[in-house]
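Single-structure report; data block below.
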Amino acid sequence: MPENINSILIKNARIIDPKNQLDEQANLYIQNKKISAIGDAPKNFKADQTIDASKLWLIPGIVDICARLREPGLEQKADIETETRAAASAGITTICIPPDTDPVIDEPAVVELILRKAKQAKQSYVYTLGALTAGLKGEHLSEMASLKQAGCVGVSNTRYPINNPLILRRAFEYASTYNITVFIEAQDQYLSEDGCAHEGAIASRLGLNSIPYAAETAPIAQVLELIRDTDIRVHFGRLSCTRSIELINEAKASGLKVTADVAAHQLHLTDMDISSFNSQYHVIPPLRSQRDMEALRRGVAEGTISSICSDHQPHEPDAKLAPFPATEPGISGIETLLPLTLKLVENNSLPLNTAIASITCNPAKVLGLNTGHLAIGQTANLCLIDPEKEWLLNADDMLSHGKNTPFSGWHFKGKVVQTMIEGNIVFSL
Amino acid sequence: MVNKPTRQTDNIIGKDLWNIQLDEHGQLKHFLTIEGLGTHILNQILDTAESFAGVNDSVKKVPLLRGKTIVNLFFEASTRTRTTFELAAKRLSADVLNMNISTSATSKGETLLDTLRNLEAMQTDMFVVRHADSGTAHFIANHVAPHIRVLNAGDGRHSHPTQAMLDMFTIRRNKGADFGKLRVAIVGDIMHSRVARSQIHALNTLNTGEVRVVGPKTLIPKDIESMGVSVFHNLEDGIKDADVVIMLRLQRERMQGALLPSEQEYFQLYGLTEERFKLARPDAIVMHPGPINRGVEIESSVADGERSVILNQVTYGIAVRMAVMSMTLGGNISSSNTNPENQEKK
């Protein structure tokens with residue numbers, strides 16, 4: 001992008017900024033990478049560039065609370081460069097990646113490597129979670145304070161087990177000493193052993209090893225009991241069960257500082273979808289019942305689940321070319337986060353304002369980042385959407401290196417036409 | 001209600017489970033699962049098997065599949081099933097290639113697809129596949145060259161359709177073709193049994209009066225009622241007035257995963273003894289897909305008793321497999337081809 005463009009006028013956009021309770025047709029002015037005014041022009045403003053957005057929505061750059069970019073360690077699947085480019089095309093300007101890279105993000109050098117690569121790619125901001133335990137092995141605490149200093153916005157053991165509850169309790173205490181949020185992906189390794197499908201009629205019929213609700217709800221209940229009467233901040237990621245939402249609600253009511261997110265695909269798919277052994281639907285946690293899917297939608301609408309994430313897991317084709325149980329779980333979801341979220345609005349499952357909040361200011365708040373909104377003085381990270389544009393997703397056209405998506409062939413309404421980071425256009429349709 | 005848009009592109013990995021088994025004329029193309037096949041197809045298999053049953057007795061060959069090459073592709077150890085497939089193929093005059101591929105070999109780098117491509121290149125016509133993962137037969141059928149036919153010889157816990165059909169054949173020979181008046185009880189480890197799942201589909205497709213499954217809660221899959229069975233946890237209740245009692249094999253490894261405490265307690269609760277078998281109808285038959293664990297799931301005197309049809313099952317297995325092979329690979333089978341007068345001497 002030419003660097004000599006200092007002032008940009010985005011004209012007549014419908015500006016939707018849930019955090020600042022803004023939803024109006026107005027001009028937005030950018031000067032020196034920052035939002036300098038909304039509505040009336042600042043004094044002596046002269047636009048180097050004017051974007052006519054009279055039929056477009058302008059929303060804050062999207063914040064994705066969980067995406068795996070596969071670098072370092074699994075570059076045959078994808079890398080930071082390819083995936084941040086895909087993110088930019090999908091309106092995402094901030095990505096948080098979990099620590100289960102290879103090497104694990106359990107020391108500052110790995111954080112620095114990732115941040116440097118992301119900076120070189122210049123496509124979106126990348127933040128990392130650090131490991132909660134060294135090597136994610138569940139035995140020794142990681143150097144959380146150093147990881148925080150290096151830039152980690154939280155810590156997590158992802159799905160790796162911590163079998164000793166005393167170690168888990170101490171990890172919580174230690175993290176809270178340094179005001180670090182702990183991110184939990186709840187799944188008991190024994191209860192979910194070898195499982196690849198939701199425990200129910202479909203898995204029973206297909207003869208697939210199944211994962212019961214308790215694999216998710218039992219560890220959530222354990223964590224909630226361990227953090228009772230503390231001010232530890234815990235975020236539960238990728239919920240899949242109705243009962244999990246109830247547990248989080250009860251915890252919130254009792255004053256615990258807990259938040260939660262859900263993967264976008266969990267709001268659209270159910271275990272019925274695996275009936276033909278299509279490995280594109282193989283995800284962890286598994287697709288559950290219709291009742292759960294509806295409860296998850298309500299959880300987002302009612303605010304128990306504050307954020308929707310992509311749970312992006314790009315794969316090389318071979319990872320999905322095997323009998324269902326032998327395939328790797330996960331969806332390349334970074335390019336469908338916004339489309340699937342907007343589809344909930346189209347379906348009347350979610351008000352537009354809540355939908356946008358769940359992918360902008362809400363996840364930003366969980367990550368402790370001052371982004372995902374459009375206040376004056378904010379860095380100009382934003383996204384322009386044509387809300388009327390109808391399109392068909394074709395997996396082969398996705399920019400992500402991973403083409404593994406069950407949504408190929410789905411119709412969507414609303415498409416990103418431009419993404420801006422620090423006032424620079426990083427994607428344009 | 002999920003507002004799911006129509007999908008315009010059909011993903012190769014997930015073509016529809018039921019359609020893939022049939023060709024454009026509704027004829028059997030692959031035999032992967034009983035589920036989704038109509039009553040007429042199952043009856044066609046049974047009728048065709050009936051015409052082959054005589055071939056077995058006289059130990060002669062029919063030239064139906066001469067020049068065809070059938071690969072027994074077994075990723076899981078099996079002697080009996082593989083042998084009956086081999087015999088069936090040979091009695092149809094096909095060439096048979098036995099491949100026993102341990103799963104560890106494929107995990108060394110060659111993927112399942114690599115293995116398939118190699119075998120396809122050898123100008124083969126049919127894969128008979130057994131694999132430990134549920135869904136393998138479907139995966140293979142979705143990816144083989146169009147001229148190749150796939151028979152499922154057991155995939156994980158999912159399906160074992162030829163076993164189920166030979167069981168139906170056995171029931172039909174003993175109880176007649178009207179399944180509607182029959183009460184069938186399947187006893188034991190339903191959870192891990194592909195045989196049970198296929199039997200349930202087959203029995204229900206043939207309109208069986210009542211299908212029961214019997215076992216402790218640890219061995220009954222969740223929501224199995226949705227497959228059209230009633231669930232019993234007590235053997236006496238479960239086999240009461242049954243016309244057919246099917247005992248499943250209990251694997252030793254079930255003791256390790258805390259599914260059962262011991263073989264002794266299992267036999268005490270679910271072992272079919274002569275005394276208990278009296279609860280079934282007086283003319284009831286007992287079946288078992290084998291191999292039998294004597295004294296674990298069934299008492300020897302019942303297994304060897306006059307109402308046991310266990311050995312018949314093995315015999316019929318060949319006829320049923322010949323039927324499925326000829327239907328999927330042989331195209332139209334005119335009666336002249338199976339007429340003993342036209343059979344070539346061995």
Side-chain angles (χ1 to χ4, degrees), chain A residues 190 193-194 196-210 212 267-270 272-282 289-290 293-294 297 317-318 320-327 343-344 346-349 392-396 404-413, chain B residues 1-20 32-33 35-36 75 103 106-107 111-114 129 131-140 142-143 155-160 190-194 196-198 200-201 220-227 257:
Chain A
Y190 297 109
E193 201 177 13
D194 299 327
C196 60
H198 167 59
E199 185 182 69
I202 306 279
S204 293
R205 185 162 61 78
L206 297 178
L208 294 171
N209 289 7
S210 59
L267 301 169
H268 293 274
L269 307 175
T270 68
M272 286 292 287
D273 288 304
I274 66 168
S275 301
S276 60
F277 290 113
N278 185 338
S279 61
Q280 300 296 4
Y281 294 93
H282 181 193
S289 71
Q290 180 81 17
M293 189 193 76
E294 280 160 11
R297 287 179 172 192
D318 277 353
K320 291 285 187 185
L321 279 175
F324 189 93
T327 55
K343 193 171 271 301
L344 295 172
E346 202 186 319
N347 291 348
N348 297 317
S349 299
L392 186 76
L393 179 71
N394 179 351
D396 295 334
N404 49 302
T405 176
F407 299 109
S408 197
W410 278 43
H411 286 281
F412 293 104
K413 195 177 167 194
Chain B
M1 189 52 212
V2 205
N3 188 349
K4 208 172 281 179
T6 42
R7 293 161 207 195
Q8 293 200 335
T9 52
D10 191 17
N11 194 321
I12 179 119
I13 294 172
K15 280 183 211 155
D16 245 8
L17 182 70
W18 357 98
N19 293 341
I20 186 180
L32 313 173
T33 174
E35 191 181 6
F75 296 88
T103 32
T106 52
S107 67
T111 67
L112 185 52
L113 277 186
D114 292 332
V129 186
H131 196 284
D133 284 329
S134 299
T136 301
H138 284 85
F139 173 75
I140 290 175
N142 268 322
H143 287 91
D155 62 328
R157 305 173 181 183
H158 172 236
S159 170
H160 193 354
I190 311 293
M191 173 82 85
H192 300 89
S193 176
R194 52 193 172 213
R197 285 179 177 81
S198 287
I200 292 168
H201 283 306
I220 303 283
K222 191 159 163 123
D223 296 335
I224 191 76
E225 294 88 344
S226 67
M227 284 177 71

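The figures that follow rest on heavy atoms only: side chains count, while hydrogens, waters and symmetry mates do not. Quick note on labels: first sequence line is chain A, next is B, and so on, each numbered from 1.
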Name the residue from A/Leu208, A/Asn209, A/Leu206 that meets the side chain to side chain contact (heavy atoms under 4.5 Å, CB included) definition with B/Ser134. A/Leu208
Quick one: which of B/Leu113, B/Thr111, B/Leu112 gives a side chain to side chain contact (heavy atoms under 4.5 Å, CB included) with A/Leu321? B/Leu113
Distance, nearest 0.5 Å, that separates OG of A/Ser204 from CD1 of B/Ile190: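 Taking OG in A/Ser204 and CD1 in B/Ile190, the distance rounds to 11.5 Å.
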Which distance, rounded to the nearest 0.5 Å, do you find between the OG1 of A/Thr327 and the CZ of B/Phe139? 9.0 Å
If you define the side chain from C-beta out and look only at heavy atoms, does anything of A/Pro325 sit under 4.5 Å from B/Asp133? yes
Side chain proximity check, A/Pro323 to B/Asp155, heavy atoms < 4.5 angstrom: no
With only heavy atoms counted, which part of B/Ser226 is less than 4.5 Å from chain A, the side chain, the backbone, both or neither?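 Just the side chain, heavy atoms under 4.5 Å.
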Residue part contacting chain A, namely of B/His201, when any heavy atom lies under 4.5 Å: side chain
Taking the six-membered ring for Trp, is the centroid-to-centroid distance between A/Phe277 and B/His158 below 6.0 Å? yes
By side chain to side chain contact (heavy atoms under 4.5 Å, CB included) - contacts of B/Arg197 (at least two apart):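 In terms of side chain to side chain contact (heavy atoms under 4.5 Å, CB included), with neighbours along the sequence ignored, B/Arg197 is linked to B/Arg157, B/Pro221, B/Met227.
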Contacts of type side chain to side chain contact (heavy atoms under 4.5 Å, CB included), residue A/Ser349, not counting sequence neighbours: A/Arg297, A/Leu344, A/Asn347
Which atom pair, heavy atoms only, marks the closest approach of B/Asp223 to A/Gly200? OD2-CA, 3.6 Å
